[in-house]
Asks: 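Can you read through this structure? Questions will come right after.
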Amino acid sequence: QLAVNSLISQNNKIIRWPKKLVQKHFVLDWLSKRFKKNNLYTENEVNDIINKHHSFNDRALLRRELISKKLLSRETDGSKYWK
């Protein structure tokens with residue numbers, strides 16, 4: 001059982017980046033659901049969504065993880081992102 005409330009606050013923010021792989025997957029899956037399918041985003045829009053949903057001040061880590069786990073895709077130049 002995941003200790004969800006130790007990862008996601010009551011106001012829907014990721015509290016910390018977990019050490020355990022299963023918890024990382026949970027957090028990334030939860031965060032990816034904040035993006036709409038078939039919608040194009042700029043990098044700034046992606047950053048805004050990530051910033052709204054985490055409180056440990058490392059949006060670059062979360063953005064890279066979403067991309068590397070193929071939960072978000074992007075153009076090679078970073079001009080467009082999508083789910």
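Quantities reported herein were computed from a predicted structural model and do not represent experimental measurements.
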Asks: I'd like to know whether NZ of Lys13 has more than 12 heavy-atom contacts from other residues, nucleotides or ligands below 6.0 angstrom.
Replies: yes

Asks: Partners of Tyr81 by ring-ring contact (aromatic ring centres under 6.0 Å, His included), sequence neighbours excluded?
Replies: none

Asks: To the nearest 0.5 Å, tell me how far Leu62 CG sits from Phe56 CZ.
Replies: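 It comes to 4.0 Å.
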
Asks: Nearest 0.5 Å, what's the OG1-CG distance between Thr42 and Asn47?
Replies: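 Here the interatomic distance stands at 8.0 Å.
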
Asks: Are Leu40 and Leu72 connected into the same hydrophobic cluster when the rule is that any two of I, L, V, M, F, W, Y join if their side-chain heavy atoms are below 4.5 Å apart?
Replies: no

Asks: Would you find more than 12 non-hydrogen atoms of other residues, nucleotides or ligands less than 6.0 Å from Asn39 atom CG?
Replies: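 Atom CG in Asn39 is packed in, count exceeds 12.
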
Asks: Indicate the atoms forming the closest heavy-atom contact of Lys80 with Trp82, along with that distance.
Replies: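 Scanning both residues completely, I find the closest heavy atoms to be O-CZ3, 3.7 Å.
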
Asks: Taking all non-hydrogen atoms of both residues, which atom of Ile14 and which atom of Ile8 are closest, and how far apart?
Replies: CG1-CD1, 3.8 Å

Asks: Report the distance from atom NE2 of His25 to atom CD of Glu65, rounding to the nearest 0.5 Å.
Replies: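 The CD atom of Glu65 is 9.0 Å from NE2 of His25, to the nearest 0.5 Å.
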
Asks: Any donor-acceptor pair under 3.5 Å linking the side chain of Lys83 with the backbone of Ser32?
Replies: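 Indeed, once roles are kept as given, a pair shorter than 3.5 Å links the two residues.
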
Asks: Hey, could you give me each pair passing salt bridge (charged side-chain N to carboxylate O under 4.0 Å, His left out) that has a residue in residues 27-37? Not counting sequence neighbours.
Replies: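 Those involving residues 27-37 are Asp29-Lys33.
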
Asks: Starting at CD1 of Ile49, measure out to CZ of Arg59 and round the result to the nearest 0.5 Å.
Replies: 12.5 Å

Asks: Looking at every heavy atom in both Trp30 and Asn12, which two are closest together, and how far apart are they?
Replies: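 Minimum heavy-atom contact is CH2-O, 3.3 Å.
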
Asks: Should Asp58 and Trp17 be marked as a side chain to side chain contact (heavy atoms under 4.5 Å, CB included) after you check the CA-CA gap, both sets of side-chain angles, and the distance that decides it?
Replies: CA-CA 9 Å; Asp58 197 347; Trp17 183 239; over 6 Å; no

Asks: Supply the atom-to-atom distance Leu66 CG to Leu31 CG, rounded to the nearest 0.5 angstrom.
Replies: 5.0 Å

Asks: As an exercise, state the distance from CZ of Arg16 to CG of Leu7, rounded to the nearest 0.5 Å.
Replies: 5.0 Å

Asks: Stepwise, does the side chain to side chain contact (heavy atoms under 4.5 Å, CB included) test hold for Ile50 with Phe35?
Replies: CA-CA 10 Å; Ile50 292 172; Phe35 294 88; 4.2 Å; yes

Asks: Report yes or no: do Asp77 and Ser79 form a side-chain donor-acceptor pair below 3.5 Å?
Replies: yes

